[in-house]
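Reckoned from all heavy atoms, side chains included, excluding hydrogens, waters and symmetry mates. Just follow the structure's listing: the first ligand is 1, and inside any ligand the first atom is 1. Residues: numbered from 1 along the sequence shown.
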Amino acid sequence: MTYTLEGSTGTWEVVIGLEVHAQAISNAKLFSGAATAFGAEPNSQVSFVDAAFPGMLPVINGECVAQAVRTGLGLNARINLVSRFDRKNYFYADLPPGYQISQYEHPIVGTGEVEVELADGSTKVIGITRLHLEQDAGKSIHDQHATKSLIDLNRAGVALMEIVSEPDIRSPEEAGAYLRKLRSILRYLGTCDGNMEEGSMRADVNVSVRHQGEPYRTRCEIKNVNSIRFVMQAIEAEAARQVEVWESGGTVIQETRLFDSNRGVTRSMRSKEDAHDYRYFPDPDLLPLVLEEDWVAALKASLPELPDAKRARFMQSYGLSPYDAAVLVADKATADYYETVARGRDPKIAANWVTGDFFAALSRLGRSIEDAPVTAEALGGLLDLMADNTINGRIAKDVFEAMVETGWDASTIVKEKGLQQVTDTGAIDAAVDRILAANPDKVAEYQSGRDKLFGFFVGQTMKAMAGKGNPALINETLKQKLAAKKE
Ligand code: ADP
Ligand code: MG
């Protein structure tokens with residue numbers, strides 16, 4: 001699905017590259033032993049290193065390095081066995097040292113790729129330029145005091161993995177799909193919790209527009225967008241703005257902008273600084289980071305099965321459609337839930353129930369899968385009652401709703417409410433006879449060729465049996481009796 005904007009000078013295409021800041025899961029910060037838990041009392045997790053007291057020295061946290069390497073491996077990227085930390089110099093009140101330790105020319109992870117699934121069923125590969133490790137800054141708080149700004153340094157020094165994409169993205173939809181896929185990979189890997197509301201994953205969105213076939217034009221960077229929906233909205237707004245600038249004879253200037261989600265527009269924040277403004281130079285307090293090949297290989301061997309591999313396996317061993325497989329593997333907890341339901345049962349029926357009634361119940365109740373109202377074992381039990389013909393598919397839906405409501409298992413509900421399927425042919429014969437006798441006109445119409453009425457008879461019979469009749473037996477009985485009447 002191509003995304004374009006029409007203007008008086010022709011059709012415009014949008015070019016997007018994303019820089020994602022993902023907080024590495026680690027108990028301690030990148031260069032200090034201070035804790036990283038979210039939501040702590042302000043300034044309660046700050047070491048002398050984070051506060052940049054004179055003479056303090058950074059010491060690299062091996063777990064953060066491992067998290068960056070795992071992430072690189074999960075993005076099918078090149079791991080650079082030698083990388084280096086640089087100082088990126090700038091002044092800000094929440095940055096006590098006056099510089100951020102980052103990686104510039106020699107990042108820990110080089111080029112890689114992420115495959116994303118789009119709504120029309122197609123897939124697209126988005127290139128990864130690099131992943132580098134850097135420190136987060138502190139937080140300035142401007143709304144707590146009338147005349148003063150407050151600073152919370154809990155976040156200062158927390159390890160971020162900056163994941164930079166190639167400008168391969170061409171629509172808001174692709175940007176959303178990329179971010180969802182990236183978040184899914186990070187969560188599978190256990191390297192970032194991907195929680196955008198808590199700020200542990202944030203995106204800088206680079207946008208430019210061009211006529212098809214042209215070289216890239218100037219981009220603007222929209223900083224720190226903190227939800228996938230806002231990223232998509234920001235791209236739409238910014239692309240429309242740029243088209244208007246170009247078409248009215250103006251020039252888009254490279255700058256940093258902010259997305260105002262209330263008004264749905266981007267506005268200028270500052271002109272874009274170039275790399276030389278930061279006077280990057282190697283941090284003299286830190287040695288180059290050298291990784292051993294064996295260590296990287298061991299990390300690689302210990303990676304969990306990732307979404308793409310799981311999806312391929314679900315299609316192969318369960319016979320699922322690409323779409324169902326993608327939906328089920330997007331989240332590891334969902335994939336695990338599904339596999340528990342499917343074990344020893346019909347995998348397609350299991351997929352239908354998980355993506356159908358089960359997902360609907362979750363969204364209706366606003367619950368997550370971790371907090372599901374029906375366990376995978378219990379849903380499996382319901383499927384077993386259908387498989388052994390204790391209940392029919394229609395009644396199963398009611399039983400499922402009762403399970404959601406009461407937390408009871410399926411067989412208890414079926415027994416309590418007497419919902420067992422009626423397979424007694426005597427009872428079915430009697431119900432069919434009653435329905436046919438009560439509707440002589442419909443029977444006549446059916447005999448004269450209105451085949452569609454068959455469904456009416458099935459429905460009436462089922463209703464007469466309170467929904468509990470065995471559908472196959474009802475069908476068969478009706479066919480026989482209608483045929484017999486004709487002779
Ligand atoms: P900077 O440090 O200036 O932000 P980076 O190399 O870190 O530069 O990031 C540049 C980002 O901008 C990348 O995600 C890249 O894909 C994207 N980008 C580069 N050129 C364009 C362009 N013309 N239009 C849109 N995005 C672009
Ligand atoms: Mg950047």
Side-chain angles (χ1 to χ4, degrees), residues 3-5 12-22 68 75 77 80 83 85-90 99-114 116 124-137 160-172 174-179 181-182 201-225 231-232 234-243 245-246 251-259 266 268-281:
Y3 178 85
T4 52
L5 290 96
W12 296 85
E13 138 182 290
V14 187
V15 176
I16 304 148
L18 297 176
E19 298 165 79
V20 171
H21 289 92
L75 302 176
N80 293 323
S83 66
F85 287 98
D86 299 284
R87 288 185 182 178
K88 181 179 181 179
N89 299 280
Y90 64 94
Y99 60 83
Q100 174 192 32
I101 305 179
S102 181
Q103 296 190 302
Y104 181 53
E105 280 173 330
H106 303 281
I108 185 166
V109 175
T111 53
E113 53 186 44
V114 171
V116 302
K124 174 166 176 171
V125 174
I126 308 295
I128 300 293
T129 313
R130 66 171 196 274
L131 176 156
H132 67 253
L133 272 170
E134 64 182 29
Q135 303 173 294
D136 205 349
L160 300 180
M161 304 179 286
E162 178 169 336
I163 303 164
V164 182
S165 88
E166 290 289 305
D168 289 343
I169 300 166
R170 291 288 176 277
S171 68
E174 288 181 15
Y178 169 77
L179 289 171
K181 186 63 178 283
L182 186 61
M201 186 171 143
R202 325 190 276 271
D204 296 344
V205 187
N206 296 273
V207 180
S208 67
V209 297
R210 65 171 178 181
H211 291 300
Q212 253 134 9
E214 272 182 3
Y216 291 147
R217 296 197 182 200
T218 307
R219 68 184 153 108
C220 289
E221 180 175 356
I222 308 154
K223 274 278 178 203
N224 263 330
V225 188
V231 167
M232 296 168 69
I235 291 168
E236 259 182 63
E238 178 60 13
R241 184 191 72 86
Q242 290 183 15
V243 166
V245 169
W246 289 121
T251 309
V252 169
I253 48 166
Q254 189 169 339
E255 62 183 353
T256 301
R257 300 180 68 86
L258 283 180
F259 180 59
T266 68
S268 182
M269 183 167 125
R270 56 170 188 252
S271 69
K272 172 81 187 171
E273 45 301 281
D274 284 315
H276 63 248
D277 295 323
Y278 290 116
R279 205 170 65 91
Y280 278 99
F281 65 88

N206 contact mode with ligand 1 (heavy-atom cut-off under 4.0 Å): both
Ligand 1-proximal atoms of D168, by part, heavy-atom distance under 4.0 Å: neither
Can you name the atoms of ligand 1, numbered from 1 with element, that are less than 4.0 Å from a heavy atom of [X]?
{"X": "R217", "answer": "23 (N)"}
{"X": "E166", "answer": "16 (O)"}
{"X": "V15", "answer": "24 (N), 25 (C)"}
{"X": "E221", "answer": "4 (O)"}
{"X": "Y216", "answer": "23 (N)"}
{"X": "G17", "answer": "14 (O), 16 (O), 17 (C), 26 (N)"}

Within-shell test, R130 vs ligand 1, heavy atom, strictly < 4.0 Å: yes
From the candidates S102, P167, S165, the one that places a heavy atom nearest atom 13 (C) of ligand 1: S165
Best match, R210, E162, R219, E19: closest heavy atom to atom 20 (N) of ligand 1: R219
Between [X] and [Y], a side-chain donor and acceptor under 3.5 Å:
{"X": "E19", "Y": "N206", "value": "yes"}
{"X": "T129", "Y": "E166", "value": "yes"}
{"X": "Q103", "Y": "S83", "value": "yes"}
{"X": "S268", "Y": "E255", "value": "yes"}

Heavy-atom side-chain contact between R219 and E238 under 4.5 Å: no
N or O pair under 3.5 Å between V207 and ligand 1: no
Sub-3.5 Å N/O-N/O distance, T218 and ligand 1: no
CD-OH distance between Q100 and Y280, expressed to the nearest 0.5 angstrom: 7.0 Å
cation_pi(R217, W246) dist<6.0 Å, angle<=45: yes
Heavy-atom donor-acceptor pair, D204 side chain to K223 backbone, under 3.5 Å: no
Polar side-chain atom of Q242 near backbone of V207 as donor-acceptor pair, under 3.5 Å: yes
